[in-house]
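Notes for the one structure printed next.
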Amino acid sequence: MSATPLALEIVDLRVEYPMADGTAFVAVDGVSVSIAPGEIHALVGESGAGKTTVGNAVMGLLEAPGRVTGGAMRIAGVVVDPATGRAPGIEPGRDIGAIFQDPMTSLNPLFTVESQITETLRHHLGMDRRQSSAKALDLLRAVGIPEPERRLRAYPHQLSGGQRQRVVIAAALSCNPRLLVADEPTTALDVSIQSQILKLLRGLADDRGLGILLVTHNMGVVAEIADRVTIMHRGVAVESGPVVEVLDAPRHDYARSLIGAVPRIDVTLPRFAVPGEEAEAAEGARAELRRRAGEQTGAAEGELLRVEDLVVDYRGRGGSFRAVDGVGFSVRAGEVFGLVGESGCGKTTIANAIAGLVKPTAGRVLHRGRPIAAAGTRRPLQMIFQDPYSSLNARMRVGATLVEPILFYRLAASAREAAEDAALLLEAVGLERTAVERYPHAFSGGQRQRISIARALSARPSLLICDEPTSSLDVSIQAQILNLLKDLRDATGLTLLLISHDLAVIRQMCDRVAVMKAGRIVEEAPTETLFGAPTHAYTRELLSLVPSPRPKRRTA
Amino acid sequence: MLAVTAVAFLMFRYVGDPVRAMAREDSSVEERQELARALGLDQPVAVQYGKFVARVVALDFGISYRNHRPVAALIGERLPATLEIVFVATVLALAFGVPLGVLCALRPDGLAARAVQAVSLIGISTPTFVVGIALILVFAVTLKVLPSFGRGEVVTLGWWTTGFLTPSGIASLVLPSVTLCLFQMTLIMRLVRSEMIDVLSTDYIRFARARGLPRRYIHFKLALRNALMPVITVTGLQIGSLVAFAIVTETVFQWPGMGLLFIQAIYFVDIPVMAAYLLFVGFLFVFLNTVVDVLYALVDPRLRVRS
Amino acid sequence: MRVPGSVIVAGIVATLMILAAIVAPAIAPYDPTDMATYNLIDSELPPVWTGEGDARFPLGTDNQGRDLLSAIIYGARVSVGIGGAAVLLAATIGVSLGLLAGYFGGWIDAVVMRAGDIIMSFPTILLALLVSGLARALMPDGGSVGWTPFILIGAIAIHDWVQYARTVRAAAMVEGAKDYVKAARVIGLPGRRIMLHHILPNVMSPVLVIATINLAGAVLTEATLSFLGVGMPPNYPSLGTLIRIGNEFVFSGIWWIALFPAITLVILVLAVNMVGDHLRDRFNPKLRGRS
């Protein structure tokens, strides 16, 4: 079977970025990957692992100062010249295709789908207008776009995200390359479209013998379609092998903790198996928070929050849009209640309405039986947000950020006492007391999310609304933050409303779950019931689409 | 546009006293009242405004206080001169600004790009009138190759007078339009440069590179088209500013255009001329805006479908 | 980020020139606003290095026998003073309105932006000419000279505030949609506190950039108005007025009256522009990290 050469063979690749001070940052250090025709090889890792850099090196698209300083690459059996990044006779675009993360920005808005596919054909294969046009039509059919004749003359903005990614794939495959580099090809897409695109890629590999280098952070995607996987960490390939072996029985420490951090959808675990260095100070700080919470509210029993017939309309230029359409649910004190659904289903709008950021068109939100309306009744409902980088005021010290709500609600007798409380909160979320002195830019994404949690807690809330709290974090950081939220709930009796698009996160965190679609709740049930025996068709569909991090189908 | 007519009307009505400006020094109170009635100044403000708008629509801007001629006729005489230098300046600005901007974007560290950047910075820092005086000093006073004032011989085509058809007319056009175009050219160059740099870092250009398309094709066929979109807007709207900047240029070169007319109107507080000029610029702005919108809809598919 | 040498030089030049303008009375050899110091016998003397000049007047004299060096230093003082005041006025108005429009939206936003659109549809020069022309018309006797600087400041600021308002509005809308502002709202902080304490500090960097670039623009606009004869009068000249005076003598070969003020003006504006350009590139995340 050695008649056809490997689609890609990388041996000991090293990529460096020279720094201003004369040293070099090693982005990729001794990575080896080989891909046979028809094989999908996944390169996984967290941000900064160097996985995208490997993809760019293969494409000859390294950003300016970066360069290959060691190792060898062969594309379809041809050695790549390390100086030029090119292999003689191998044309990027003709013999290697590439697709990127965001289909919304990968196509030029000023040109038709047809022109963007045919320009590649005309340049590489010298086809004339008619030939290339016919070929473009074939390609659109091959990637499964409905009404391909009409789409050919469409502009990118007239297509949906999934259709655009199909066009991108069609353009990348137009000259029948032997290798496709796919960099996070489904990250910007909803699960239902993700699953279609993944099926398409798998099919292309199987039918055309295309080798695919799949760069992703998503273990579920890896388990779903890849044959082999390489786990990268800080530029180094820590473990490599067939997907089944690596995912089921990782040998390397980092690989084990990375895979342990991935929320599982098939079984509920008490905690994420990630190394968490919890300081003893955190225990003490949390106990103190619990004592205060008890003083303040007495026993936390029964219904804490009730949402009745909530309707939210957004008024836009072309009339109004109903984001939330008659939603009702209640949250009991001390539980974690989950709201789950695809993007645009209205879950974030509900969170905003409860937090008072959006005025409901109709319906009521009750906290302990009292409607939430005027300022002053807001304090018990606090919120944390998705993006840790925008959720802190860059011009305020962490201490000032935490002290502001404490003083505003007169929760401390003096500024000194407030500062002491701020330090206590930081300990409770697992940070050093000295963090009060610093500005947000000194902290990583995960640390900033901890600070956001501390700020929310500083108003002494009874309910913490968490809107996609970990969606922009790496998976191991996500596991730590989710563990922290669980610990805070257990230690202080806090109630959580968790909003997420990620069913696996919901499964690991929540006691009860409501599934949303198009502004309505379609199913509400205790977590185990919902995941064990979903009753609504939409819930079943969603569950079936989620790629499970347990490899199931391929035996390489 | 309505706002502009309102401002022009208020100016016309309340600024300065037309009766005092038009009547003879020794006229009696009765004569003055008679004149006020004749001008319609005794009627309610709303009626006066209505009549004002009606007159404007009929291109009747009243009579200049200073030289007692209809303002519309004065503007009609001066319009071609201004529009001709504005036109030449715009063409020059585009012809040099776009290629220089592209050059700077493609080779931002190259010697040529740095030189162009430095010159452009000096360009936006030098006031139009200084440029004009410098050009006069060099080409008219020292070298004596180009005329420093006036339009030269003009040919009359209907109501339009043009300097394009005579050698002296063309020679006269050179210095004023070069002076006028410099600022605009710098602006276009800088805009093209920054747009081009932005476009070159977008995903769709990366994707085009990943498909192995040739560099020239990517730069000139694809990226330039994206980068030129905002240039349409800015060039269009800048034509309005050029007309205004022509005030300065026309003063330096004694160019008999509308700017000169306007600046003289200001010296002599000739309200009807000022009001009419204001109306003209307002109208020009609305007109250019519409043209830009239409052009945009023609070249940007995203707008084409919506409209 | 490294600051290029040229920008450092520009910064030093700009600072020195502005300082010199501020302390003009202390460093200028004569007081050009004091008519008693000039003598028609000394008029139109060329610069001293031409050999025909007079050591008392290093850059020569103007048509009234006024020392050109002193006139330029005082002229720069007038130009910088009017430009600076116009920037301050425009920035204050623009930032306040922009913040209100951006944070509250609704009718405030609509009114402010509409007004801005109308004003921006008139080029700076035209609007400034109109304002100063109208001010002269409204004031009896063509407006007294003492008012001229204030008319000029107003005439420039009436156009320039829009840029601040638009920028601050856009920035305030971006910041207002960010999670830290949402968090402040969820905490229940009042709108005024959120605006001043949270949003304002985060929108100030672009304001600084615009202010620097606008200072250059305002100095140019003032110079242009004075050149056109609707700005500062000859007995209290700005750089633009001096160039206007000099322009009348260019044809007769008396080039220095126009040339030296023009060079001063260009160097001043160029230095400020270079600093502004650098600041803009620095605060523009799109261009950051690129050359």
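Per chain, numbering begins at 1; letters A, B, ... match sequence-line order.
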Toward chain C, the part of B:Val248 with a non-hydrogen atom under 4.5 Å | both
Max heavy-atom pair count under 4.5 Å with chain B, selected residue of C:Leu220, C:Leu270, C:Ile125 = C:Leu270
Gap between atom CZ of B:Phe245 and atom CG of C:Leu126 - 0.5 Å precision = 10.5 Å
Anything in residues 259-267 of chain C with a heavy-atom distance to chain B below 4.5 Å? Please list those residues in order.
-> C:Ala262, C:Leu265, C:Val266
Just wondering, are more than 12 heavy atoms of other shown residues or ligands nearer than 6.0 Å to CG in B:Leu143?
-> yes
Value for CG (C:Leu228) from CZ (B:Phe262), rounded to nearest 0.5 Å, stands at 10.0 Å
Sort C:Leu129 into side chain, backbone, both or neither according to what part of it lies under 4.5 angstrom from a heavy atom of chain B.
-> both
Quick one: which of C:Leu127, C:Asn247, C:Thr124 has the most heavy-atom pairs under 4.5 Å with chain B, could you say?
-> C:Asn247
Members of residues 120-129 of chain B whose heavy atoms come closer than 4.5 Å to chain C = B:Leu121, B:Ile122, B:Ile124, B:Ser125, B:Thr126, B:Pro127, B:Phe129
By a 4.5 Å heavy-atom criterion (distance strictly below it), what part of C:Ala216 contacts chain B: side chain, backbone, both, or neither?
-> neither
Taking the side chain as C-beta and beyond, is there a heavy-atom pair between B:Gln117 and C:Asp277 under 4.5 Å?
-> no
